[in-house]
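These notes are about the structure you will find just below.
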Number of protein chains: 2
Amino acid sequence: MTPADDTDQAHARRRGRPPSGGREAIVAATIDLLRERGASRLTTREVAARAGVSEGSVFYHFGDRSGLLTAVINHGLRAFGEVHGERGGEVAATLDWFSRTLEGFLDIALVAMIAAQSDAELRTGMANHFLTNNLGPHRGIEALGAFLRRAQTAGLVRRDVEAESLAMLVIGSCFLRVSQQQMIGADYATKFPDREEMVRTLTTLLTPAGEGGA
Amino acid sequence: MTPADDTDQAHARRRGRPPSGGREAIVAATIDLLRERGASRLTTREVAARAGVSEGSVFYHFGDRSGLLTAVINHGLRAFGEVHGERGGEVAATLDWFSRTLEGFLDIALVAMIAAQSDAELRTGMANHFLTNNLGPHRGIEALGAFLRRAQTAGLVRRDVEAESLAMLVIGSCFLRVSQQQMIGADYATKFPDREEMVRTLTTLLTPAGEGGA
DNA sequence: GTCTATAGGTTGATAGAC
DNA sequence: GTCTATCAACCTATAGAC
């Protein structure tokens with residue numbers, strides 16, 4: 001009997017170093033190779049070589065190739081909870097924090113999400129995971145939307161627009177930047193307004209008339 | 001000698017039906033299968049079957065598997081020019097037109113862009129194509145930004161923010177919606193503010209203080 | 001849990017007739 | 001230009017020793 005159906009949360013509560021580190025090494029190697037070569041060119045053989053283990057170990061831990069990719073996807077999505085953390089404070093500072101945190105998360109998660117797109121089985125698996133566990137960007141929209149609505153009530157944000165729509169503008173621009181950076185290249189991302197500029201712009205737009213203004 | 005290095009623009013200027021239609025059928029079949037199964041599970045065998053041609057034909061036209069994918073990517077990116085078309089008119093109407101056109105384009109182009117991510121060779125190929133031909137979302141940002149700047153000059157859009165940043169907000173939200181729709185599912189996209197709501201919100205935000213208001 | 005060795009099945013690509 | 005037939009390579013997955 002193998003732990004092939006491991007969901008990668010086995011020793012989530014355990015402190016210190018896991019039994020051997022082989023499993024983590026395999027996941028890390030897979031993420032590296034995914035970034036370098038893409039999902040189609042990812043072979044269990046090379047994963048094993050990169051991780052410094054035998055190919056048999058890969059199958060022992062993850063059952064099959066799909067299991068490995070699934071583990072990587074879950075790994076990439078794990079950090080998502082952190083982004084949803086409630087947060088108070090000033091509007092500009094919160095937008096800055098939120099967008100920075102989100103972009104850091106996307107930099108990892110997008111590798112996983114894109115990898116899932118290369119295989120229908122993984123794609124629907126991820127989709128179901130999202131649907132049943134109420135995950136996805138809409139959670140970010142809800143979280144940031146809730147903050148912005150409170151700010152509206154406090155008179156810090158103009159009230160004539162939907163808070164969720166504002167949140168979507170923030171998240172959309174982060175998503176666009178990180179996506180292009182990953183799909184085309186870091187250099188290319190230079191051609192976009194940068195994150196801080198976007199935060200400035202959004203802050204200006206959200207400020208109620210007669211306060212910030214030019 | 002084979003036309004393996006065809007760039008898919010062979011009969012771009014030709015009217016009427018191309019020689020046999022085999023080539024187009026192969027590209028169309030590939031796009032279908034890419035949507036259904038993903039790039040990793042795409043085999044030349046199945047492409048041929050779906051297109052109703054032999055596998056040999058696939059290799060005759062595109063040289064190798066990468067050539068086929070490259071042709072599909074170029075096909076997906078071809079429509080991009082249309083989105084850049086200059087456009088005048090009212091701000092709200094232009095935002096509506098632009099976002100609608102962009103989302104229609106992305107619905108096709110993203111299949112190609114995501115497919116390119118599954119293979120390092122294709123990825124860098126696409127990146128170079130973007131870099132040398134000055135393609136990519138930044139073009140959309142420039143185009144819409146130019147329109148918005150004119151609108152600023154005309155007093156139709158507030159002047160205390162960068163036009164490009166505003167354009168990025170528009171494009172980012174379109175990109176986010178179509179991406180999630182494609183990566184997770186059409187149902188999931190329901191959880192987002194819809195396109196028309198975003199246009200409304202943006203229009204409100206862009207209107208100079210003391211004109212539109214609540 | 002990790003390794004080696006190997007089986008079994010697919011797949012991309014080629015050759016040559018039509 | 002399109003087809004059929006076929007090859008050579010590769011990759012996933014398994015079995016069994018340690």
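Convention: sequence-line order gives letters A, B, ...; per-chain numbering from 1.
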Exercise for the section: With heavy atoms under 4.0 Å as the rule, sort Thr43(B) into base, sugar-phosphate or nothing. Expected result: sugar-phosphate
Whole-Å distance, Phe62(B) CZ to dG1(D) C1', equals 13 Å
Close side-chain approach of Met198(A) to Leu169(B), heavy-atom, < 4.5 Å: yes
Tyr60(A) OH to dA5(C) P, in whole Å, measures 21 Å
Check your understanding: Within the structure shown, what part of the strands sits under 4.0 Å from Ile26(B) by heavy-atom distance: base, sugar-phosphate, or nothing?
Key -> nothing
Considering only heavy side-chain atoms of Phe59(B), the closest of dT2(C), dT12(D), dG12(C) is dG12(C)
_With a cut-off of less than 4.0 Å, is there a side-chain N or O of Ser57(B) near OP1 or OP2 of dC3(D)?_
yes
From CD of Glu46(B) across to P of dG12(C) the rounded distance in Å is 10 Å
* Asked: How are the rings of His138(A) and Tyr188(B) set relative to one another: parallel (under 30°), tilted (30 to 60°) or perpendicular (over 60°)?
  -> perpendicular
Here the distance between atom P of dG8(C) and atom CZ of Arg65(A), to the nearest Å, is 22 Å
The nucleotide from dT2(D), dA13(D), dG12(C) with an atom nearest the side chain of Asp64(A) is dA13(D)
Discussion item. So Leu68(B), base contact, sugar-phosphate only, or nothing? Heavy-atom distance under 4.0 Å.
Written reply: nothing
Note: for Gly56(B) and Gly56(A) on DNA chain D, the residue whose nearest nucleotide lies more 5' is Gly56(B)
Check your understanding: Looking at Asp107(B) and Arg35(B), does any basic side-chain N land under 4.0 Å from a carboxylate oxygen?
Key -> yes
### Task
Indicate whether OP1 or OP2 belonging to dG12(C) is found under 4.0 Å from a side-chain N or O atom of Thr44(B).
yes
Atom CG of Leu42(B) and atom P of dA13(C) are separated, to the nearest Å, by 12 Å
* Asked: Does the side chain of Arg45(B) get closer than 4.0 angstrom to OP1 or OP2 of dT11(C) through an N or O atom?
  -> no
Of the listed dG12(C), dA13(D), dT2(D), the closest approach to the Glu55(B) side chain comes from dG12(C)
Rounded to the nearest 0.5 Å, the CZ atom of Arg78(B) sits from the CD1 atom of Ile73(B) at a distance of 13.0 Å
Worked verdict on Asp96(A) versus Arg100(A) for salt bridge (Lys or Arg N to Asp or Glu O under 4.0 Å) = CA-CA 6 Å; Asp96(A) 183 66; Arg100(A) 187 146 24 93; 2.4 Å; yes
